[in-house]
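I have placed the structure first, in the form of C-alpha cells, so that the comments after it can refer back to it.
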Amino acid sequence: MKFATAILAFAGAANAAKSFIDFSNGMYTIPIVNGTLDLDSATRDAEHGSNINTTLAALSSPQLIDMAAGGMPGLCVPQFPTRKTYCRTRHVPRADYLRALARFLDWIETGPDEGWVPKHSCKALVWGEAVVSACTTRGPNPTCRDELVEAMRELDVFCALDLGGDIKVSRWAKRYARHHVRDSLDTDVVVGALAADDEEGEGQGQEEWQGQN
C-alpha cells in the first residue's frame, strides 16, 4: 500500500520534474521530497580538481577496484547489516559508468563535503549516460570508498556488469545506485519504495526492478 502511495505521489509530480538527461556531467545534490527526487531543485556542485579525474575512464572494473583499495583517503569498513538489492533492466554504458564511479570516489576522497550526503537527499554523479548515486532518506549520512565499491561489486554479481541497480541499507536509511540517465523516473519510484521499507523494515534479499521509462 505504501509502495502504491509512493508511485501515485510521484505520478503527480512527474510532469513538472526534469530528467537526468537534462543534466550536464558533474555531481548534483538532489532533495528527496515526499519520497520522490525533486530534480527541479537539484543543484550542481562546484568542480574540484584531482589527478584521479582524468585517469580512470578507460580502466577495467578489476583495475578500478584495485586502485580504490590502494590506501587513498576515505578508508572504511563496508557496513551492510541488512540490505535489499534491486536490479534494473536498462543497460548502462560501462565506460560512462566507470567514469561516473571514479569521479564519485574522487568526491568522497577529495571533495569539500568529505563524503557526507545531506539529510533527505541524494548525491548523484552524472557522466554521459550513467548515474552513480548515494541517498539518505533520514538524517545526514556518510559515504566512503570501500562501501561504495562493495555496493557496486554486489550489483555486478547479482544484476550484471552492464545493468543498473539499487542497494538499500536498511539500518542506515541509505541507498547506493547506478542507472541509465533515462531511468530517472524509475529512480524516484525506487526511492519511494525504499522510504516505505524504512518504515516497515526488511531483510536481506534481491529483487528485479522493471523499468518503464
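On a predicted model such as this, the values are computed, not experimentally measured, just so you know. Both backbone and side-chain heavy atoms feed into the values below; hydrogens, waters and symmetry mates do not.
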Out of curiosity, [X] [atom1] to [Y] [atom2], how far, rounded to the nearest 0.5 Å?
{"X": "Asp146", "Y": "Leu148", "atom1": "CG", "atom2": "CG", "result": "9.5 Å"}
{"X": "Asp113", "Y": "Thr143", "atom1": "CG", "atom2": "OG1", "result": "9.0 Å"}
{"X": "Asp162", "Y": "Leu155", "atom1": "CG", "atom2": "CG", "result": "12.0 Å"}
{"X": "Met152", "Y": "Leu161", "atom1": "CE", "atom2": "CG", "result": "13.0 Å"}
{"X": "Leu125", "Y": "Met27", "atom1": "CG", "atom2": "CE", "result": "4.5 Å"}
{"X": "Ile30", "Y": "Leu37", "atom1": "CD1", "atom2": "CG", "result": "5.5 Å"}

Between [X] and [Y], does any side-chain N to carboxylate O distance fall below 4.0 Å?
{"X": "Asp156", "Y": "Arg178", "answer": "yes"}
{"X": "Arg90", "Y": "Asp183", "answer": "yes"}
{"X": "Arg83", "Y": "Asp166", "answer": "no"}
{"X": "Arg145", "Y": "Glu150", "answer": "no"}

Taking only residues two or more places apart in sequence, or in another chain, which ones meet Val92 in a side-chain contact (heavy atoms from CB on, under 4.5 Å)?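 Checked Val92 against side-chain contact (heavy atoms from CB on, under 4.5 Å); matches are Tyr97, Ala130, His180.
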
Side-chain donor-acceptor contact under 3.5 Å, Thr29 with Asp45: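 The criterion, which ignores hydrogens and geometry beyond distance, is satisfied for Asp45 and Thr29.
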
Side-chain donor-acceptor pair under 3.5 Å between Tyr176 and Glu154, yes or no?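 No, Glu154 and Tyr176 have no side-chain donor paired with an acceptor closer than 3.5 Å.
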
What do the steps show when you test Lys123 against Trp116 for side chain to side chain contact (heavy atoms under 4.5 Å, CB included), and what is the final call? CA-CA 9 Å; Lys123 300 293 289 192; Trp116 280 84; over 6 Å; no

Assess the residue pair Tyr28 and Val126 against the criterion (side chain to side chain contact (heavy atoms under 4.5 Å, CB included)); give the C-alpha distance rounded to whole Å, side-chain angles, the decisive distance to 0.1 Å, and a yes or no. CA-CA 8 Å; Tyr28 293 83; Val126 179; 4.1 Å; yes

Side chain to side chain contact (heavy atoms under 4.5 Å, CB included) between Glu114 and Glu109, worked out: CA-CA 7 Å; Glu114 298 182 339; Glu109 295 159 354; over 6 Å; no

List the steps and the verdict of side chain to side chain contact (heavy atoms under 4.5 Å, CB included) for Cys122 and Ile32. CA-CA 7 Å; Cys122 295; Ile32 299 173; 3.9 Å; yes

Is the backbone N or O of [Y] less than 3.5 Å from a side-chain atom of [X], with the two atoms forming a donor-acceptor pair by type?
{"X": "His120", "Y": "Thr137", "result": "yes"}
{"X": "Asp96", "Y": "Pro93", "result": "no"}
{"X": "Thr110", "Y": "Trp107", "result": "no"}

Heavy-atom pair of closest approach, residues [X] and [Y]:
{"X": "Pro142", "Y": "Lys174", "answer": "O-NZ, 2.9 Å"}
{"X": "Cys159", "Y": "Gly164", "answer": "SG-O, 4.1 Å"}
{"X": "Gly165", "Y": "Arg88", "answer": "N-CD, 3.8 Å"}

Test side-chain hydrogen bond (donor to acceptor under 3.5 Å, both in side chains) applied to Asn141 - qualifying residues, sequence neighbours left out: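 Thr136.
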
According to side-chain hydrogen bond (donor to acceptor under 3.5 Å, both in side chains), who are the partners of Thr43, at least two apart in sequence or on a separate chain?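 None.
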
Determine whether [X] and [Y] make a side-chain contact, defined as any pair of heavy atoms from C-beta on separated by less than 4.5 Å.
{"X": "Pro140", "Y": "Pro118", "answer": "no"}
{"X": "Arg182", "Y": "Ile21", "answer": "yes"}
{"X": "Trp127", "Y": "Val132", "answer": "no"}

